[in-house]
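For reference, the structure discussed in these notes is given below.
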Amino acid sequence: MAAIMAARGQGLEQDFDFFVVVDFEATCVKDARIFPQEIIEFPAVLVDGATGRIESAFRRYVRPKHHPVLTQFCRELTGIRQEDVDGGVDLGDALWLHDAWLKAATAGAGNKRRVRLAVVTWGDWDCRTMLEFECRFKGIEKPSYFDQWINLRVPFQAALGGGGRVNLQEAVRAAGLDWEGRLHCGLDDARNTARLLAELMRRGVKITITGSLAPPPLMQKQPARTSPCGGSPGLASAPPPIQQQPPRTDPFGGSFALVPAPIQQQLPQPYMISPCGGHSATCLCYCGLASRGGVMQGKCFSGCANWAPAMGTVCPYFAWSN
C-alpha cells in the first residue's frame with residue numbers, strides 16, 4: 001500500500017475516513033430459487049479511506065431459520081460447512097457483533113468528530129436486496145449505515161470500462177491484480193473487493209455513494225385490478241393494503257456519519273413487501289398468468305419477473321392469502 005500513500009497527494013481526497021466492504025453469502029439451491037433466502041456468512045473488511053490499507057476483518061457465520069440444512073450445491077459453491085452454520089448466530093446478533101467490531105476498529109479516528117463511513121459492495125444485491133429483505137421479513141433492526149452504499153462496479157466501469165457483465169474476479173484481474181483465495185467465500189470476495197477499491201483509489205478515482213434506500217411511503221394505493229379467474233373471489237381478491245411503516249430508528253448508537261455524497265446514477269428506490277405478515281410457512285400466492293397454465297398455488301416467492309417488490313409494485317395477476 002506504500003504506492004497508494006505515495007500517490008495520495010496526486011489523487012483525489014475521498015469523502016470517507018473508512019470503507020467497510022461486505023459480501024454476503026446466502027442459502028441457495030441449484031437451478032432454482034429458495035424462499036426466503038437467508039444470509040449464512042456475514043463478512044466485512046475495513047479499509048482506510050486515506051491510504052487504501054486493509055485495517056481489520058470480520059466474519060460471522062449465520063444460522064438460517066427457514067432452511068437450516070444447507071444444500072450440497074450451497075456447500076460446494078461457498079465452502080461453508082453445515083457445522084459452520086449450525087454453530088452460527090442469528091442475523092440480529094451478527095449485526096450487533098459487526099457493529100461492535102466496527103466501532104472498536106474505528107475508535108482511534110473518532111476523537112474530534114464522527115467517523116465518516118461508507119459501505120462498499122460489488123453490485124447492489126447485498127444491501128438493496130438481501131440484507132434489506134431479510135431484516136424486513138424477520139423484523140430485525142439494522143444500522144443506518146447499511147441504508148446507503150457504494151456499488152464498486154460503478155466507479156470500476158467509469159475508470160476501466162468492461163460493461164455490466166464483468167464479474168468481480170474478472171474486474172480484479174482487469175485492474176492488474178491477482179485473485180486471492182476462494183471464489184464465493186464471502187470473506188475472500190470482500191478482501192478482493194477491498195483490494196480493487198484500493199487500486200481504484202490509487203488511480204485517482206473518486207469513490208462516492210451510488211445507491212440508497214428511500215424511506216417507505218406512508219401508503220401505496222392499489223391500481224384497479226381485473227380478475228383473471230373469471231371473477232372468482234376466492235382466487236382473484238385484491239391483496240391486503242400496504243400498512244403505514246413507522247419511522248426507522250437506529251438502535252446501534254449512530255456513531256457513524258452518513259456523508260451525503262452525490263449519487264452517480266439514479267436507481268429505482270425499493271419498497272420491500274412482506275406478504276401475510278412475513279410468515280412464509282402459511283403464506284400462499286395465486287398466479288393467473290396464462291403462461292403458467294392457469295391458476296397456480298404455491299408458497300410465496302420473489303422470483304417471478306412480473307412481481308417487482310423493489311419497485312413497490314405487484315403484478316395484477318397475484319393475490320396473497322394465508
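No hydrogens, no waters, no symmetry mates; every other heavy atom, side chains included, goes into these values.
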| field | salt bridge (charged side-chain N to carboxylate O under 4.0 Å, His left out) between Arg182 and Asp188, intermediate numbers included | value | CA-CA 6 Å; Arg182 176 192 175 114; Asp188 287 346; over 6 Å; no
| request: Would you check, one step at a time, whether the test side-chain contact (heavy atoms from CB on, under 4.5 Å) holds for Glu38 with Lys138? | output: CA-CA 10 Å; Glu38 299 171 276; Lys138 294 181 177 179; 2.6 Å; yes
| request: Under the salt bridge (charged side-chain N to carboxylate O under 4.0 Å, His left out) rule, what do Glu180 and Arg195 come out as? Steps first, then yes or no, please. | output: CA-CA 10 Å; Glu180 296 180 356; Arg195 294 171 58 236; 3.6 Å; yes
| request: Give the C-alpha distance, both sets of side-chain angles, the deciding distance and a yes or no for side-chain contact (heavy atoms from CB on, under 4.5 Å) between Thr71 and Lys30. | output: CA-CA 9 Å; Thr71 64; Lys30 187 176 182 179; over 6 Å; no
| field | Pair Arg59-Cys185, side-chain contact (heavy atoms from CB on, under 4.5 Å): steps then yes or no | value | CA-CA 11 Å; Arg59 175 164 68 182; Cys185 164; 3.6 Å; yes
| message | Between Leu102 and Tyr145, is the side-chain contact (heavy atoms from CB on, under 4.5 Å) condition met? List the steps. | response | CA-CA 11 Å; Leu102 196 55; Tyr145 49 76; 3.8 Å; yes
| message | Applying side chain to side chain donor-acceptor pair (under 3.5 Å) to Thr210 and Trp149, what does each step give before you reach the verdict? | response | CA-CA 6 Å; Thr210 64; Trp149 62 92; 4.7 Å; no
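In this structure the side chain of Asn192 reaches within 4.5 angstrom of the side chain of Trp179, judged on heavy atoms. Val21 places none of its side-chain heavy atoms less than 4.5 Å from the side chain of Leu46. Using a 4.5 Å heavy-atom threshold, the side chains of Arg60 and His98 count as separate. At a threshold of 4.5 Å between non-hydrogen side-chain atoms, the residues Asp126 and Leu131 do not count as touching. Within the 4.5 Å cutoff, the side chain of Leu213 has no heavy atoms near those of the Gln148 side chain. Phe16 has its side chain out of reach of Ile207: every pair of non-hydrogen atoms, C-beta onward, lies at least 4.5 Å apart. Put simply, the side chain of Ile80 reaches to within 4.5 Å of the side chain of Glu25, judged on heavy atoms. Put simply, the side chain of Val119 does not reach to within 4.5 Å of the side chain of Ile150, judged on heavy atoms.
Hydrophobic clustering places Val120 together with Ile209 (ILVMFWY residues linked when any side-chain heavy atoms are closer than 4.5 Å, directly or through intermediates). The hydrophobic cluster containing Leu152 also contains Val166, counting ILVMFWY residues as joined when their side-chain heavy atoms lie under 4.5 angstrom apart, directly or transitively. By the criterion of side-chain heavy atoms lying less than 4.5 angstrom apart, applied directly or through intervening Ile, Leu, Val, Met, Phe, Trp or Tyr residues, Leu95 is grouped together with Trp125 in one hydrophobic cluster.
The CZ atom of Phe24 sits 4.5 Å away from atom CD1 of Ile39, with the distance rounded to the nearest 0.5 Å. Summarising the geometry, atom CD1 belonging to Ile54 is positioned 13.0 Å from atom CZ belonging to Phe19; distances are rounded to the nearest 0.5 Å. Once rounded to the nearest 0.5 Å, the distance linking CZ of Phe137 with CZ of Phe35 reads 4.5 Å.
Taking the six-membered ring where tryptophan is involved, the planes of Phe42 and Phe58 are perpendicular, since the angle between them exceeds 60° and thus also 30°.
Closest non-hydrogen pair, Gln82 versus Leu70, comes out as OE1-N, 2.8 Å. Closest approach of Pro155 and Val205 over heavy atoms only: CB-CG1, 3.9 Å. The minimum heavy-atom distance between Met130 and Ala26, with the atom names listed, is SD-CB, 4.0 Å. In terms of heavy-atom proximity, Phe156 sits nearest to Gly161 at CE2-O, 3.5 Å. Between Leu200 and Ala159, the shortest heavy-atom distance links the atoms CD2-CB, 4.2 Å. Minimum interatomic distance between Met201 and Asp48 (heavy atoms only, all atoms of both residues): CE-O, 3.9 Å.
Ion pairing between a basic and an acidic side chain is recognised when a charged N comes within 4.0 Å of a carboxylate O; Arg116 and Asp15 show no such pairing. Salt-bridge check for Glu132 with Lys142: passed, with a basic side-chain N closer than 4.0 Å to an acidic carboxylate O. A salt bridge is defined here as a Lys NZ or Arg NE, NH1 or NH2 lying under 4.0 Å from an Asp or Glu carboxylate O, and Arg173 with Glu170 fails to meet this definition. Ion pairing between Glu55 and Arg53 holds under the 4.0 Å rule for side-chain N and carboxylate O.
A donor-acceptor pair under 3.5 Å is absent between the side-chain atoms of Arg33 and the main chain of Cys28, judged by distance alone. Asp23 places no side-chain N or O within donor-acceptor distance of the main-chain N or O of Asp189, the cut-off being under 3.5 Å. Of the possible polar contacts, one joining the Glu41 side chain to the Gly186 backbone as a donor-acceptor pair under 3.5 Å is found.
The stretch residues 74-87 participates, sequence neighbours left out, in these salt bridge (Lys or Arg N to Asp or Glu O under 4.0 Å) pairs: Arg81-Glu83, Arg81-Asp84.
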